[in-house]
Protein chains: 2
Amino acid sequence: MTADDLTLFKKRLAEHGYQVTKAREATFKLLVSAEPQTIREILVKAQGVVDRVSVYRNVGVFEKIGLIHRVHIGWKYKLELSDEFVGHHHHLSCLKCGRVIDIEDEKHIDDFIKEVSAKFGFEPRRHQFEVDGYCKDCRS
Amino acid sequence: MTADDLTLFKKRLAEHGYQVTKAREATFKLLVSAEPQTIREILVKAQGVVDRVSVYRNVGVFEKIGLIHRVHIGWKYKLELSDEFVGHHHHLSCLKCGRVIDIEDEKHIDDFIKEVSAKFGFEPRRHQFEVDGYCKDCRS
DNA sequence: TTCAATTTGCAATTATGTTGCAAATTGGAG
DNA sequence: CTCCAATTTGCAACATAATTGCAAATTGAA
């Protein structure tokens with residue numbers, strides 16, 4: 001993670017009236033260390049450093065202020081940094097090996113969202129797109 | 001639900017070597033009664049009729065043989081009948097009132113999946129697309 | 001440095017999902 | 001229709017995930 005990421009992180013917390021604490025900084029760094037990852041993976045890494053409960057609570061805070069979001073990959077959800085850190089993208093998720101491939105697209109998806117939102121008078125805020133299947137190495 | 005739906009349901013169970021039981025039929029009817037809905041909502045309705053454990057087990061069976069699938073709406077997952085019952089579609093989900101609007105699209109999404117799958121040698125099996133935002137009545 | 005407000009960690013609780021097993025149900029053979 | 005092996009059910013117990021109350025510690029602003 002870059003120094004800028006950390007600065008932005010602190011800025012966002014302050015903007016929303018949250019304090020910058022050791023637990024929050026540590027938890028954020030765990031989130032950045034690999035992604036997307038499950039809450040379970042984060043809890044394991046947090047062992048002895050940040051309490052389970054604080055991890056849950058702060059992940060909740062981070063989500064609320066838009067620092068991270070949940071992506072549903074297969075059954076479980078994983079946590080991922082928000083677009084301002086990693087850029088907007090979607091996922092190809094391998095059903096066999098679990099590999100996640102980031103994909104970009106603004107044309108198809110955004111066009112579609114605009115079109116359908118206009119049709120229903122809907123005001124879109126977030127979207128998620130995910131494709132499950134078999135990656136190059138796992139297809140038989 | 002139509003009589004045809006029930007017939008198809010029984011046919012699919014038989015095809016996969018599963019018995020048609022009262023618990024399964026009751027659970028399927030609960031699934032059809034509203035959708036998409038959370039497992040929790042189904043468990044409440046199943047009170048005194050079908051045991052928790054059997055609901056979980058049969059929902060698992062239904063998923064496995066493709067009668068239903070999970071859709072991730074906001075945080076939670078909901079259960080929805082598969083395409084052969086309700087047709088392939090996606091969702092606009094209201095962050096305020098929870099309303100779910102079904103939307104159709106084959107052009108944008110399918111084109112994009114084809115394009116990106118070819119690029120990465122990926123073999124797509126399922127996909128999910130969801131837009132969260134505010135519906136006509138809830139936008140301020 | 002001081003202090004009110006926020007946040008943390010712990011213990012306890014609730015929610016969600018799973019497993020083993022005896023009893024009941026199902027569906028096919030006769 | 002009756003019988004029976006195989007499947008399925010419901011119960012109790014267990015496992016895992018997430019939340020809550022509260023005293024003690026930390027934070028940041030004066």
Side-chain angles (χ1 to χ4, degrees), chain A residues 6-31 36-65 67-80, chain B residues 6-31 36-65 67-80:
Chain A
L6 198 57
T7 303
L8 184 54
F9 161 73
K10 291 176 179 175
K11 187 173 162 221
R12 290 276 174 271
L13 281 179
E15 281 169 0
H16 290 85
Y18 289 104
Q19 297 184 353
V20 177
T21 66
K22 286 178 186 175
R24 282 186 184 140
E25 207 169 313
T27 304
F28 184 72
K29 281 177 181 166
L30 290 179
L31 280 161
Q37 61 189 320
T38 61
I39 184 88
R40 176 172 249 281
E41 291 167 324
I42 292 164
L43 288 171
V44 169
K45 291 179 189 169
Q47 293 269 15
V49 183
V50 186
D51 186 78
R52 283 173 53 75
V53 179
S54 294
V55 171
Y56 274 113
R57 279 195 280 229
N58 286 324
V59 161
V61 168
F62 297 167
E63 257 190 295
K64 188 147 107 184
I65 66 179
L67 282 170
I68 62 172
H69 55 198
R70 298 182 183 215
V71 293
H72 296 282
I73 292 184
W75 280 48
K76 313 282 185 180
Y77 71 88
K78 296 192 177 186
L79 297 167
E80 182 175 70
Chain B
L6 198 57
T7 304
L8 184 54
F9 162 72
K10 291 177 179 175
K11 187 174 163 220
R12 290 278 174 272
L13 281 178
E15 280 170 0
H16 291 83
Y18 290 104
Q19 296 184 355
V20 176
T21 68
K22 286 176 184 176
R24 281 184 184 142
E25 207 169 314
T27 303
F28 185 72
K29 283 177 180 168
L30 291 178
L31 281 161
Q37 61 189 320
T38 61
I39 184 88
R40 177 170 247 282
E41 292 167 323
I42 292 164
L43 288 171
V44 169
K45 292 180 188 167
Q47 291 271 13
V49 183
V50 186
D51 186 79
R52 281 171 49 75
V53 179
S54 294
V55 171
Y56 273 112
R57 279 195 279 229
N58 285 325
V59 161
V61 168
F62 298 167
E63 259 190 293
K64 186 146 110 186
I65 66 180
L67 283 170
I68 63 173
H69 55 198
R70 300 182 181 213
V71 292
H72 296 282
I73 292 185
W75 281 47
K76 314 283 185 180
Y77 71 89
K78 295 190 177 186
L79 298 166
E80 181 175 71

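Quick note on labels: first sequence line is chain A, next is B, and so on, each numbered from 1.
Listed pair Arg40(A) / dA17(D) meets the phosphate criterion, a side-chain N or O lying under 4.0 Å from OP1 or OP2. One finds a side-chain N or O of Tyr56(A) lying less than 4.0 angstrom from the OP1 or OP2 phosphate oxygen of dA18(D).
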Heteroatom pairs (N/O) under 3.5 angstrom, protein to nucleotides 26-29 of chain C:
from: dT26(C); atom 1: O4'; to: Gln19(B); atom 2: OE1; distance (Å): 3.4
from: dT26(C); atom 1: O3'; to: Val20(B); atom 2: O; distance (Å): 3.4
from: dG27(C); atom 1: OP1; to: Val20(B); atom 2: N; distance (Å): 3.0
from: dG27(C); atom 1: OP1; to: Val20(B); atom 2: O; distance (Å): 3.2

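Whole-Å rounding puts the Ile42(B) CD1 to dG17(C) P distance at 11 Å. In this structure, Arg70(B) atom CZ and dT16(C) atom P are separated by 13 Å, rounded to whole Å. Taking atom NZ of residue Lys78(B) and atom P of nucleotide dT16(C), one finds them 14 Å apart after rounding to whole Å. Summarising the geometry, the separation between CG on Asp51(A) and C1' on dC22(D) is reported as 14 Å, rounded to the nearest angstrom. Between the C1' atom of dT6(C) and the CG atom of Asn58(A) lies a distance of 11 Å, rounded to the nearest Å. The distance from atom CG of Leu13(B) to atom P of dT7(D) is 15 Å, rounded to the nearest whole Å. Lys76(B) places its NZ atom 9 Å from the P atom of dG17(C), with the value rounded to the nearest Å. Nucleotide dT16(C) holds its P atom 13 Å from the CG atom of Leu79(B), rounded to whole Å.
Looking only at side-chain heavy atoms (C-beta outward), Tyr77(A) and Ile39(A) come within less than 4.5 Å of each other.
The pair Glu25(A)-Lys29(A) meets the salt-bridge criterion, since a charged nitrogen lies less than 4.0 angstrom from a carboxylate oxygen. Arg12(A) has a carboxylate O that lies under 4.0 Å from a charged side-chain N of Glu15(A), or vice versa, which qualifies the two as a salt bridge.
You'll find the ring centres of Phe9(A) and Phe62(A) inside the 6.0 Å limit.
Nucleic acid contact class of Val61(A) (heavy atoms, under 4.0 Å, all strands): none. Residue Ile39(A) is classed as a sugar-phosphate contact, given heavy-atom separations below 4.0 Å to backbone atoms only.
In this structure, the separation between CD on Glu80(A) and CD on Gln37(A) is 11.0 Å, given to the nearest 0.5 Å. Atom CG of Leu31(A) and atom CG of Asn58(A) lie 9.5 Å apart (nearest 0.5 Å).
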**Request:** Output, in order, the C-alpha distance, side-chain angles, deciding distance and verdict of side chain to side chain contact (heavy atoms under 4.5 Å, CB included) for Arg40(A) and Lys76(A).
**Result:** CA-CA 10 Å; Arg40(A) 176 172 249 281; Lys76(A) 313 282 185 180; over 6 Å; no

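The base of dG9(C) is not paired with the side chain of Arg52(A) by any donor and acceptor separated by under 3.5 Å.
With dG20(C), dA17(D), dG21(D) as the choices, the nucleotide that has an atom nearest any side-chain atom of Arg57(B) turns out to be dG20(C). Checking dT18(C), dT16(D), dT9(D) against the side-chain heavy atoms of Arg24(B) singles out dT9(D) as nearest.
When the nearest nucleotides of DNA chain C are assigned to Tyr77(B) and Val55(A) by heavy-atom distance, the more 5′-ward of the two goes with Val55(A).
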